[in-house]
Amino acid sequence: MGKRNSTNNRQRWSLERLETRDTPAFLATPGLPAGTAPDGNSLSVIDVSADGTKLLFTSTANNLAAGVADGNGAEDLFYRDLTTSQTFLVSRTPGGLALGFDNSDGGSAVLSADGNFVAWVSKTNADAVTGDAAQIDLANTPDVFRWSAATKSNVLVSARNSGDGNTLAIGSIVNAISNAPQISADGSKVAFVSNVENNQITSIVLTDDPSTQDVFVRNLNAVNAGGAATTPVTQSSANPTFMIGFSDDVFVQVGSQWMSNDGNRFAFFTKVDSATLIAGTIDQPAVTATLDVFLRDLSRPIATGLELVSVSVTSPINAAGAVIGQEAGNAVISADGSTVVFLSNAQGDPTGLVNDLQLVPNFKANGTGNSLYRRTGFFGTGATTLVNAIEGTTNAAGSNDVLNPGAYLISSDGRVVVFESLASDLVPTVDTNGLTDVYVRDFTPGTPFTDLMSAGTDGFSGGAAAFLSDLSDDGTRVLFQTASANLIVGVVDNNGVDDVFQFDRVFRRTGIVSANPAGRIAGNSASGSGRIAGDGSLIAFSSGATNVDPSSIIGNVTNIFTTSSNLPLPLQLTTTTVASGISSGSTQAYTYNAALNLQTLGAQFEPFTVPGEVRTAVGDIDGDGVEDIIYGVGPGNGSLITVTLSASGTQLSETVYEASFLGGVFLAAGDIDGDGFAEIVISPDQGGGGRIVVLRYNGAGFDRIADFFGIDDPNFRGGARVAVGDVNGDGIQDLVVAAGFGGGPRVALFNGVRVLAGTNGANADKIIPDSFVFEQTLRNGVFVTVGDFNADGFADMAFGGGPGGGPRVLILDSLTILTNGNYDAAINAPLANFFAGNVNSRGGIRLAAKQIDFDNFADLVVASGEGQPGELRTYLGANFPISGQGEPPLQQSQPVFSNLILQAGVYVG
């Protein structure tokens, strides 16, 4: 997708929070015995418990659970306890024989929110599932069962009211079907749909038709004379002796939530004339019957416990289906039962005879049929709102919208609705791909808006269709899947297939779920079936990728993986640039405008009371999501650093080396320990011995967490320069140390994982041996920065010549270096090799990797060297020549400090 200039104010890139991945994705479907690869495909994540500790999934593997005979080669239903790392087979006999999990008849499975119970459907005879020979059943007739994690056993839910202890299964009746289960949060109540006559199931005798289906709920904690109590849900309030299914089928939205978490409220839809259900309502008669949505509340008497949900805005006695050809259905309910969301094509009476048959006032139809509606405040205080409304309106549906049944979810309190839409005008100027995208509508008081979730960092729709996967209970985390390759800065996504993504609505950023452990490279095979824990703590997904958890027990199959929802911000570069080097000790901060050019950020600032050179770095050291600026004194002024916390303006100071050392410091900042907070890395300037110190902010001051020599020569006193970035792609920032004044262009690369491990600088800490990156005759060392300049998921190393050399920039491909174990091949085929600025200058050059245009490529800012007019030159990484030779197109040349000739040159951080 090309760059765009736009007034769009929905910028996706956010620096409000800098998280790292709490844990890489890890395999949730290992085989047995331990260390064995699974021997079959795990294709679907069914559900995750609210606290993220339990997982329900399907698999054809035969070696996942202990103590079972699973050689059927068919898909089975499994339960995984992530706290104990144990997997159990749900679809089994008490003796351990795998039964298979067949949902071809609309059956499904669901996990209770507390993770202790599973409601599921099986065509297997009930006596084989439960082990109770008295539960007579017929083959190939689906029944509903509940599996207990405590007992590892199943009980029959869809039991007949036989008067002898409910020993018969509903499936013992020819052609009987019970399926589409729902389960309460505590697992005590299980609802299901069945076409069996009411008095076969409950002890209440009501008029019913055994050929049509109704909804029932069974309370397995409430025991009566016949066993656990089963209650008919779909009764008529106009005539309480009638079941709704006496006239026609009752439908539920299979695969979505249609029962509230407490098991008291139910959303369903039916063609039955609403007047036969609720006295006084107006609907189409049976000849032209159309669907309408209803809600039943079992905590209220049936006379007042049934409500028409798809009701006209001005005549609440009229149903949406009161006009021929118009109807409503596909209803889902919020966990707290406060909200029902449904589809309807109701657009009013086309004859004009009745002008009030709309669901929201002055509805402006989209011309394609269905719109999505949200109904709240039942039993006297109801209100309906249009969900797929164009931003800034309440009654205009998205043009040419196509809404799929069930492709929408709601938060537990009903305030947030996420949905798929083909419309391009829900958020004007943003959705330009003409494909299905994922949107959210937030009805929190004071903040209603429609927002595009499946957008890139530039705020625009992705390059491929996106499909909704899941939503956290509070509505702040949205999971979706798409083959878009342009959603996230710094993620290499060239697999051409679906990946799983999360949008964090609090911090407004997108993270890739199905990626390598560092979160920088998309899975090398398709991923999907994403599910998130209710509390948002954990994500589970299926994938055939082998680089998501590259362990030896993945196997050549599709697996289920789990990961923390705290996903990394993959390219940890900053959008702030700070220039220094003027003798007064002043610094100037810059940011980037819409034209991708530098613009000043505040006035010039003098961080120290003494004049002289200042060195700078930028990083979020306090984890508040706002970039902080670190300043260090130059030669002659000791080793003092000062940090300005940008959010509060608080200033912190630290003297890094002994008072006798006066040579000044160099700085870098990055998250070396992977905790989401940037550490400060300091090296000495002239007169220092290459001693590296790493500081961590502790809320009040700094802890010294590493102190070692980054230059092997103990006699060298030219100091060092430092840079931080994830060179080896493991998700942890690594440390590059380059020799300073008087030294050759020698570079050491330290593994970030080892820097803080205690060995501090030993050869074992180095990723590869030290090397010279320029000609050894060049003295006064090199300057260094780190960024992913070729967008392959590995941060590359960029070098600038030290004083005495020309303004040469050399960028080496880190993956080539890692592959060969040395720098030679990368030096022979550099990513960039050019002179920036005056080629006759011999003052060297300084540089910094930045993220300017929010694509996958790191960008480069180059600062003028000693004795040159103050200047910053900006190059966009995407424009670097493929050959790696020659100066890239210059994005901008920006004079700094009035373009004065600066003896010390310009330092940039």
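We're numbering straight along the sequence, starting at 1. Remember, predicted model here, so these are calculated numbers, not experimental data.
Counting only N and O atoms by type, the side chains of Ser91 and Asp76 include a donor and acceptor under 3.5 Å apart. Between the side chains of Asp127 and Gln135, not a single donor N or O lies within less than 3.5 Å of an accepting N or O. No donor-acceptor contact under 3.5 angstrom links the side chains of Glu75 and Thr60, judged on distance only. A donor-acceptor contact under 3.5 angstrom links the side chains of Asn330 and Gln253, judged on distance only. At a cut-off of 3.5 Å, with distance as the only test, no side-chain donor of Thr270 or Asp249 sits close to an acceptor on the other residue. Asp132 and Thr130 share no donor-acceptor pair across their side chains, judged by distance under 3.5 Å alone. Using a 3.5 Å distance cut-off with no hydrogens or angles, the side chains of Asn264 and Lys189 do pair a donor with an acceptor.
In this structure the side chain of Asp214 never reaches within 4.5 angstrom of the side chain of Val233, judged on heavy atoms. Residues Arg80 and Pro30 are in side-chain contact: their nearest non-hydrogen atoms beyond the backbone lie under 4.5 Å apart. At least one side-chain heavy atom of Leu64 sits less than 4.5 Å from a side-chain heavy atom of Pro38. You'll find the side chain of Tyr79 reaches within 4.5 Å of the side chain of Leu111, heavy atoms only. Proximity of Phe26 to Thr563: side-chain heavy atoms (C-beta onward) are nowhere separated by under 4.5 Å. Counting only heavy atoms from C-beta outward, the side chains of Val438 and Phe467 never approach each other to under 4.5 Å. The shortest distance between side-chain heavy atoms of Asp186 and Ser112 does not fall below 4.5 Å. Residues Thr36 and Asn63 meet the side-chain proximity criterion, which asks for heavy atoms closer than 4.5 Å.
Atom OG of Ser543 is separated from atom CD1 of Ile554 by 9.0 Å, given to the nearest 0.5 angstrom. The line from CD1 of Ile302 to OG of Ser236 is 7.0 Å long, rounded to the nearest 0.5 Å. For the atom pair OG of Ser529 and CZ of Phe541, the computed distance is 10.5 Å after rounding to the nearest 0.5 Å. To the nearest 0.5 Å, the span separating CZ on Phe294 from CD on Glu307 amounts to 10.5 Å. For the atom pair CG (Leu468) and CG (Leu479), the distance works out to 8.5 Å, reported to the nearest 0.5 Å. Put simply, CG on Asp273 and OG on Ser247 are 8.5 Å apart, with the number rounded to the nearest 0.5 Å.
Between Phe342 and Tyr373, the ring planes are parallel. Angles under 30° get that label, and only those over 60° would be called perpendicular. Under the 30°/60° scheme for interplanar angles, the aromatic rings of Phe480 and Phe501 are found to lie parallel. Using bins of under 30°, 30° to 60° and over 60° for the plane-to-plane angle, the ring pair Phe251/Phe269 lands in the parallel bin.
Of the possible polar contacts, none joining the Arg92 side chain to the Gly100 backbone as a donor-acceptor pair under 3.5 Å is found. In this structure, the side chain of Ser194 does not engage the main chain of Ser178 through any donor-acceptor pair within 3.5 Å. A donor-acceptor pair under 3.5 Å is formed between the side chain of Asp137 and the backbone N or O of Ala126. With Glu420 contributing its side chain and Ala407 its backbone, the two residues share no donor-acceptor pair below 3.5 Å. Judged by distance alone, with hydrogens and angles left aside, the side-chain atoms of Arg218 form a donor-acceptor pair with the main-chain N or O of Val157 at under 3.5 Å. Remark: the backbone N or O of Ala74 is paired with a side-chain donor or acceptor of Asn72 at under 3.5 angstrom. Asn370 contributes no side-chain N or O that, together with a main-chain N or O of Leu343, makes up a donor-acceptor pair within less than 3.5 Å. Checking side-chain atoms of Ser412 against main-chain N and O of Ala335 turns up no donor-acceptor pair under 3.5 Å. Of the possible polar contacts, none joining the Asp81 side chain to the Lys54 backbone as a donor-acceptor pair under 3.5 Å is found. Proximity of a side-chain donor or acceptor of Asp39 to a complementary backbone N or O of Ala61 within less than 3.5 Å is not detected.
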#### Entry: Worked verdict on Ser108 versus Trp120 for side-chain contact (heavy atoms from CB on, under 4.5 Å)
CA-CA 6 Å; Ser108 57; Trp120 65 291; over 6 Å; no
### Task
Take Phe117 and Trp147 through the test ring pair (Phe, Tyr, Trp, His ring centres under 6.0 Å) and record every step on the way to the result.
CA-CA 6 Å; Phe117 297 94; Trp147 181 85; 8.8 Å; no
### Task
Check step by step if side chain to side chain donor-acceptor pair (under 3.5 Å) holds for Asp413 and Ser334.
CA-CA 6 Å; Asp413 62 4; Ser334 61; over 6 Å; no
### Message
Set out, in order, the CA-CA distance, both residues' side-chain angles and the distance that settles side-chain contact (heavy atoms from CB on, under 4.5 Å) for Val90 and Phe78, then state yes or no.
### Response
CA-CA 5 Å; Val90 174; Phe78 291 89; 6.0 Å; no
### Query
Stepwise, does the side chain to side chain donor-acceptor pair (under 3.5 Å) test hold for Ser527 with Asp499?
CA-CA 5 Å; Ser527 301; Asp499 293 293; 4.5 Å; no
### Task
With side-chain contact (heavy atoms from CB on, under 4.5 Å) as the test, would you mind laying out the steps for Gln502 and Ile539 before giving the verdict?
CA-CA 9 Å; Gln502 173 190 251; Ile539 298 171; 3.6 Å; yes
### Task
Start with the C-alpha distance between Glu327 and Asn345, add both sets of side-chain angles, then the distance that settles side-chain contact (heavy atoms from CB on, under 4.5 Å), and finish with yes or no.
CA-CA 6 Å; Glu327 59 186 357; Asn345 65 353; 4.1 Å; yes
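Applying the side-chain hydrogen bond (donor to acceptor under 3.5 Å, both in side chains) rule to Thr29 yields the partners Asn559; only residues at least two apart in sequence or on another chain are considered.
In plain terms, the two heavy atoms of Val110 and Leu56 that are nearest each other are C-CD2, 4.0 Å. Across all their heavy atoms, Gln235 and Leu306 have their closest contact at O-CD2, 3.5 Å. Of all heavy-atom pairs spanning Trp258 and Ala180, the tightest one is CZ2-O, 3.0 Å. Between Ser514 and Val548, the shortest heavy-atom distance links the atoms C-CG2, 4.3 Å. Across all their heavy atoms, Ser122 and Val129 have their closest contact at OG-CG2, 4.2 Å. Minimum interatomic distance between Ser237 and Leu277 (heavy atoms only, all atoms of both residues): OG-O, 2.7 Å.
We find that Asp297 and Arg265 are joined by a salt bridge, their nearest charged nitrogen and carboxylate oxygen being less than 4.0 Å apart.
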